[in-house]
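Below, chain A is the first sequence line, B the second, and so on; all start at residue 1. Scope of the values below: all heavy atoms of this structure, side chains included, with no hydrogens, waters or symmetry mates.
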2 protein chains.
Amino acid sequence: MAKQYLIDSLASNFEIDADATGVLEDVEMTPKRLLKGQSLFRTGDVVTNLFCVAEGWMTAAAELEDGERQLLNFHVPIDLAGLEFLSESKATSTMTAFENSLIYLIPVSQFLSGLQRSPRASLSLLNVLGRRYITMQDRICVFAHGDAKAKIAYLLLGLRSKQLRNKFKNPNVLRLPLTQPDIADALGLSPVTVSREFTKLTKAGFVEYNRNEITIKDVSALEACVTPIITQDKHADEFG
Amino acid sequence: MAKQYLIDSLASNFEIDADATGVLEDVEMTPKRLLKGQSLFRTGDVVTNLFCVAEGWMTAAAELEDGERQLLNFHVPIDLAGLEFLSESKATSTMTAFENSLIYLIPVSQFLSGLQRSPRASLSLLNVLGRRYITMQDRICVFAHGDAKAKIAYLLLGLRSKQLRNKFKNPNVLRLPLTQPDIADALGLSPVTVSREFTKLTKAGFVEYNRNEITIKDVSALEACVTPIITQDKHADEFG
DNA sequence: CGAATTCTTGATAGCCCTCAAGATACGTGG
DNA sequence: CCACGTATCTTGAGGGCTATCAAGAATTCG
């Protein structure tokens with residue numbers, strides 16, 4: 001059954017031990033398919049479901065007042081997403097399918113009562129959110145002090161880490177149809193700058209860029225781009 | 001007794017209801033005084049205590065490789081700090097007293113076992129961490145898309161919100177001996193730029209800057225500096 | 001095939017950093 | 001109380017990085 005598979009995957013990815021995952025066993029997980037570009041919820045909507053990504057990519061984005069947007073997160077299989085809306089039922093970002101995706105909806109109410117019954121699961125989630133907070137601090141450092149090259153390297157390494165954790169076959173090939181305008185939206189750069197930086201990175205042999213498929217050729221070279229900002233041992237952090 | 005006062009304050013500040021605060025009643029809180037500039041722990045240290053700020057200001061900073069630093073957080077009375085180290089016992093930032101401070105140390109182990117006994121406290125903490133995560137997303141937006149003026153306005157409004165929540169008498173007077181180099185470190189700007197922006201903000205009548213005491217004269221004008229980045233209703237978010 | 005989007009490349013402009021020098025304030029010791 | 005050193009603040013000049021504007025090539029999609 002799909003649900004048991006998801007639970008097992010979540011257990012390994014979030015270091016929720018077998019006992020703690022009991023929290024998910026009594027909740028109903030409703031499958032939902034989203035087409036590319038379709039939104040699960042928008043800023044201001046009331047969010048009543050967490051969700052688990054089974055196939056595809058989901059992305060969280062903030063819509064800025066001047067028409068720009070800030071991509072905040074990338075959710076791949078098997079990610080549990082929406083934890084930040086346990087407290088705020090009103091969405092502060094828009095959750096959109098980046099490509100055709102299959103997700104499983106988890107009602108917040110059921111999830112919460114599951115947590116009430118399982119103190120160990122609550123602690124695991126506290127750990128997850130604590131780590132995410134630390135990751136966000138690193139991201140602040142990169143956005144505050146890094147140049148365009150450092151930001152792009154940080155993004156690519158973060159996506160690679162995410163694929164690595166979720167056991168993608170070749171983590172160096174980013175299986176995400178990211179256009180350069182998308183990358184620009186994620187990093188607060190202009191598409192033109194992204195293009196220029198990628199030609200430089202390609203000429204240097206650090207990456208290969210083939211429209212919608214980015215291949216990391218030299219991980220340590222990319223790490224060297226970020227090292228002036230954050231220390232080496234933090235490069236395993238995921239983006240989003 | 002000091003401890004009961006702290007517990008009550010934490011209860012109101014973190015929306016931890018009276019029942020849930022039972023988590024703190026069985027833990028020992030050890031008072032510790034720190035002189036200005038003294039560090040509680042440094043990056044890489046093993047953190048075995050959360051702490052609650054009773055007097056003064058504490059600040060968390062990341063030390064970057066090129067000798068710069070990124071100020072990440074400001075902790076005022078009555079803040080509970082160090083929650084992100086429930087998962088990572090190794091500190092990822094350095095916690096320093098910004099002025100002479102009195103804090104109460106709370107052993108992580110005792111706090112965790114308290115959480116095990118109190119599911120509602122765990123949920124409250126999940127809410128707190130969830131909100132902090134959302135706040136960090138806003139900060140990402142400002143750092144990625146904002147200019148120097150927007151960043152400074154965002155910082156000032158965030159510090160004001162913090163004083164407001166913690167019931168300082170006049171929240172518009174920032175009671176934090178922040179030098180311009182400090183502000184530069186918090187925002188990834190150069191001290192020179194901070195100085196120029198403050199002279200502009202002063203001439204415009206938005207703030208008053210008197211060496212170590214910043215007074216916000218026009219809240220809505222500052223909000224207007226940030227509004228192009230994040231929407232109006234998010235300005236209540238705290239910095240840090 | 002045609003329209004829209006994406007990608008590339010060049011030229012220009014603006015913001016912020018760096019360097020530098022002088023002024024002001026703070027703390028310490030005499 | 002004063003002198004001194006240190007740190008902070010201000011202001012100017014110059015330079016680098018990235019945004020913007022623009023135009024053309026390549027790709028995708030209907």
Side-chain angles (χ1 to χ4, degrees), chain A residues 35-38 64 66-71 98-100 142-155 174 176-204 207-215 225 228-229, chain B residues 35-37 64 66-71 98-100 141-155 174 176-204 207-215 225 228-229:
Chain A
L35 297 178
K36 179 175 180 174
Q38 205 174 347
L64 310 182
D66 53 4
E68 293 188 85
R69 62 176 186 159
Q70 171 71 45
L71 293 190
F98 224 75
E99 53 185 7
N100 296 343
V142 173
F143 276 76
H145 292 86
D147 58 7
K149 190 165 79 170
K151 288 184 187 177
I152 290 176
Y154 180 74
L155 172 65
L174 302 183
L176 173 60
L178 268 183
T179 66
Q180 290 182 2
D182 291 330
I183 296 172
D185 285 341
L187 299 176
L189 299 170
S190 75
V192 178
T193 300
V194 174
S195 170
R196 283 190 228 274
E197 290 301 326
F198 264 110
T199 58
K200 284 187 213 165
L201 289 173
T202 302
K203 278 177 188 163
V207 302
E208 252 177 38
Y209 186 91
N210 290 321
R211 218 156 185 125
N212 288 356
E213 184 178 283
I214 303 169
T215 306
C225 298
I229 316 295
Chain B
L35 297 179
K36 178 175 181 175
L64 310 182
D66 53 4
E68 293 188 84
R69 62 174 188 161
Q70 171 71 44
L71 293 190
F98 224 75
E99 52 185 8
N100 297 342
C141 292
V142 173
F143 277 76
H145 292 86
D147 58 7
K149 189 166 80 169
K151 289 184 188 177
I152 290 176
Y154 179 75
L155 172 65
L174 302 183
L176 173 59
L178 268 183
T179 66
Q180 291 182 2
D182 292 330
I183 296 172
D185 284 341
L187 299 175
L189 299 170
S190 74
V192 178
T193 300
V194 173
S195 170
R196 283 191 228 274
E197 290 301 325
F198 264 109
T199 58
K200 285 186 211 167
L201 289 173
T202 301
K203 278 176 187 164
V207 303
E208 252 177 37
Y209 187 91
N210 290 319
R211 220 159 185 123
N212 287 356
E213 183 178 284
I214 303 170
T215 305
C225 299
I229 317 294

Protein-nucleotide distance ([X], atom [atom1]; [N], atom [atom2]), rounded to Å:
X	N	atom1	atom2	answer
A:Glu99	D:dC29	CD	P	13 Å
B:His145	D:dT18	NE2	P	15 Å
B:Ile152	C:dC16	CD1	C1'	12 Å
B:Leu178	D:dA7	CG	C1'	16 Å
A:Asn210	D:dT28	CG	C1'	15 Å
B:Lys36	C:dC26	NZ	P	11 Å
B:Glu197	C:dG14	CD	P	16 Å
A:Lys200	C:dT8	NZ	P	13 Å

At under 4.0 Å, does any side-chain N or O of A:Ser190 touch on OP1 or OP2 of D:dA19?
-> yes

Hey, does the side chain of B:Gln180 come within less than 4.0 Å of D:dA7's phosphate (OP1/OP2), counting only N and O?
-> no

Please tell me which of the listed nucleotides, [options], lies nearest to the side chain of [X]?
X	options	value
B:Thr199	D:dT10, D:dT8, D:dA19	D:dT10
A:Ser195	C:dC17, C:dT9, D:dA19	C:dT9
B:Arg211	C:dT6, D:dT18, D:dC9	D:dC9
A:Val192	D:dA19, C:dT9, D:dC9	C:dT9
A:Asp147	D:dC9, D:dT18, C:dC7	D:dT18

Shortest non-hydrogen contact from [X] to [Y]?
X	Y	answer
B:Ala153	B:Cys225	CB-CB, 3.8 Å
B:Thr193	B:Ala148	CG2-CB, 3.8 Å
B:Tyr209	B:Leu178	OH-O, 3.8 Å

Check every strand shown and say whether [X] touches a base, only sugar-phosphate, or nothing at a heavy-atom separation below 4.0 Å.
X	value
A:Gly146	nothing
A:Thr179	sugar-phosphate
B:Pro181	sugar-phosphate

Pair of N/O donor and acceptor under 3.5 Å linking D:dT10 base with B:Arg196 side chain = no

Would A:Thr202 and A:Thr199 satisfy side-chain hydrogen bond (donor to acceptor under 3.5 Å, both in side chains), going step by step from the backbone distance to the final call?
-> CA-CA 5 Å; A:Thr202 302; A:Thr199 58; over 6 Å; no

Indicate yes or no: at least one non-hydrogen side-chain atom of A:Phe143 is less than 4.5 angstrom from one of A:Leu187.
-> yes

